[in-house]
2 protein chains.
Amino acid sequence: MQMEDYHKSSAQYLIGTVSKRSGVKSDLVRAWERRYQAVTPTRTAGGHRVYSDQDIARLKLLNQATSHGHSISQIAQFSLDELKRLLQQEDTQNYSPVSLTGDKRFLAEDYIEKCYAAVLAFDAKTLESHFENAIVELQSQAFIEDLLTPLLTRIGERWKTGELRPIHEHMTSSVIRSLTYILRNNNPCPDHAPRMIVSTPIGQLHELGALLAAIIAELNGWQVTYLGANLPAEEIAAAVKYTHSKAVTISISFSTDDHVIPKEIRRLRKLIGNDVALIVGGRAAACYEAVLDEVGVLKIESYEHFRRILEQLVAGS
Amino acid sequence: MQMEDYHKSSAQYLIGTVSKRSGVKSDLVRAWERRYQAVTPTRTAGGHRVYSDQDIARLKLLNQATSHGHSISQIAQFSLDELKRLLQQEDTQNYSPVSLTGDKRFLAEDYIEKCYAAVLAFDAKTLESHFENAIVELQSQAFIEDLLTPLLTRIGERWKTGELRPIHEHMTSSVIRSLTYILRNNNPCPDHAPRMIVSTPIGQLHELGALLAAIIAELNGWQVTYLGANLPAEEIAAAVKYTHSKAVTISISFSTDDHVIPKEIRRLRKLIGNDVALIVGGRAAACYEAVLDEVGVLKIESYEHFRRILEQLVAGS
DNA sequence: AATACCTATACAATAGTTTGACAAAAATAT
DNA sequence: ATATTTTTGTCAAACTATTGTATAGGTATT
């Protein structure tokens, strides 16, 4: 999985580079290894030591710690976290930092608050940096489920009450769209992944739901083409044809009293044929129950439910 | 299938070309192949090595990575993605490699063709990978100027003639939006960068122009908040207030005969006041000359001109 | 025929390895 | 307080690995 790739690609530096980066002389690096196993590099076929980024970080911290008066023999075997804590305690003689042991649910809630605050303050940079940290801390899975889904739901609600303006949503989707890149690279999709088109029908300008669906599908092994909001049925159908997609997901966030949406859905079904799965999600999807049932649509009821739908589609082909 | 033909048809360079483009001497390219299988070119009937674009990008990255202290034997077999990640992490610590003299203009034209072909084939994955390689090969600056600008212009034209459909544009902007992330990380913006809002006025659904403006501004040291397309003046103005922006850039791609645009522009100027610069670009901007002059708008005439505007705004504050 | 590319081998410059020694500093015992 | 250990950083010698480059003789392409 990702973890393994990550480790594989992190064994890479020879001792000279490590020395420059960490500030610990080569001889000393070797001595610390010999005497206390402070680091345990792998070796090349020829016997040269090969270090990872973690090792460099470790040596940096050890170096700092020793110059703060700690004896190398005592701290050589500390973990990265322990070393960080050590130095933090010393730098800021204040109280101890956050407990890292807390379960992810709590962590995610914390992030939701921070992210929502950034949205409210219209601070894209901070929002992006919170997201980046959250992806690392929570792993993609929990990031989507425990942070992104509830956050976007909340944004949808607050938008209705007038606490948030359209631009808050625009800004948020802009940030999330650029994050897609990281998420995709964390989970490179297989070569013969099933394809999917994600969009929003004409008249529906809110794209957060669609964006979320696209991300979830990508993380579950689909190759997604995300088209953004507000597209007529013909266009969506054309994209399906071009990409030979097996499924289309559209998101409906607001109900309108005209008949545009039902018409579009019927048209879309006719254009893509019955072999392509049509999936509909979004807060207002329930308002069109009748049409959806009529044309054979899979309705998304929850995050879990969407995942099950995706799995079944892969299995049943 | 088309996909595969398409990929295969791009394997075509001999070692001399590869050497010039990647900056790795021919002898060394061969040595890296012999010793570590860093690249695995195909061969002509006569035994000459034949390389693909991917190989060139790969060698370029390997070259950069080695000058960053990685040992070639350790990284030679890394995938393109792993190498990119490697260098991205390091770009955070800043380090600018020497740019080669090779004529980028020609290279960029080559990329334009490839990218356009991918757009036409509606192949998002390939398009993204071309963009990624191009950013590495051309450096951000030339990527924008010699590849992205002409490519988007061409897409705009072909859209008019009906060769391309709306979804082609949607797909392209989707890909470019997620690339924003790389570009931003290549050029981290300073802490006290001037801020700018970029959007498209109500009724204008084409966002490629705005997207381009946002990217250019970011590369020139602005902190940009990109809001996407189709926003009323009130919203744009609110975003300006929230972010304390010094400038607003809006893009107008199509002229409509109603009076929506002129009204929106007048309203926008009134709402943001005279202290905030109002910049307008886009193919159809010229159609509204009268209003633009009336309310004091900076019109973008070319890539170069836009950059000058940006510089003057920074200087004159 | 000229140029560019091929293989194979060689070679020098770095940069890394081990083993062991040594003195300054710090800790401990007297 | 003084003497004795222990810890710790540094260095040197002899040797090996890595890596970029060079040379020689031949082949492919234009």
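Proteins get letters first, then strands, A, B, ... in listed order; numbering begins at 1 in each.
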Show me the donor-acceptor pairs, under 3.5 Å and distance only, between side chains in residues 22-30 of chain A and residues at least two apart or in other chains.
residue, atom, partner, partner atom, Å
A:Ser22, OG, A:Val18, O, 2.8
A:Ser22, OG, A:Val24, N, 3.2
A:Asp27, OD1, A:Arg30, NH2, 3.3

- Which whole-number value in Å describes the distance from A:Asn63 CG to D:dG9 C1'? 12 Å
- When the distance from CZ of A:Arg30 to C1' of D:dT10 is rounded to whole Å, what number comes out? 12 Å
- Message: Which residues pass the salt bridge (charged side-chain N to carboxylate O under 4.0 Å, His left out) test with B:Arg43, not counting sequence neighbours?
- Response: B:Glu33
- Message: Tell me whether A:Ser178 contacts the main-chain N or O of B:Thr180 through its side chain, where contact means a donor paired with an acceptor under 3.5 Å.
- Response: no
- Taking every non-hydrogen atom, the tightest pair across A:Ile75 and A:Ala65: CD1-CB, 3.4 Å
- Ion pair B:Lys114/B:Glu109, N-O distance below 4.0 Å: no
- Message: Does the protein touch nucleotides 17-30 of chain D at the base, only the backbone, or not at all? Give it as B, S and - per nucleotide, heavy atoms under 4.0 Å.
- Response: SSBBB------SS-
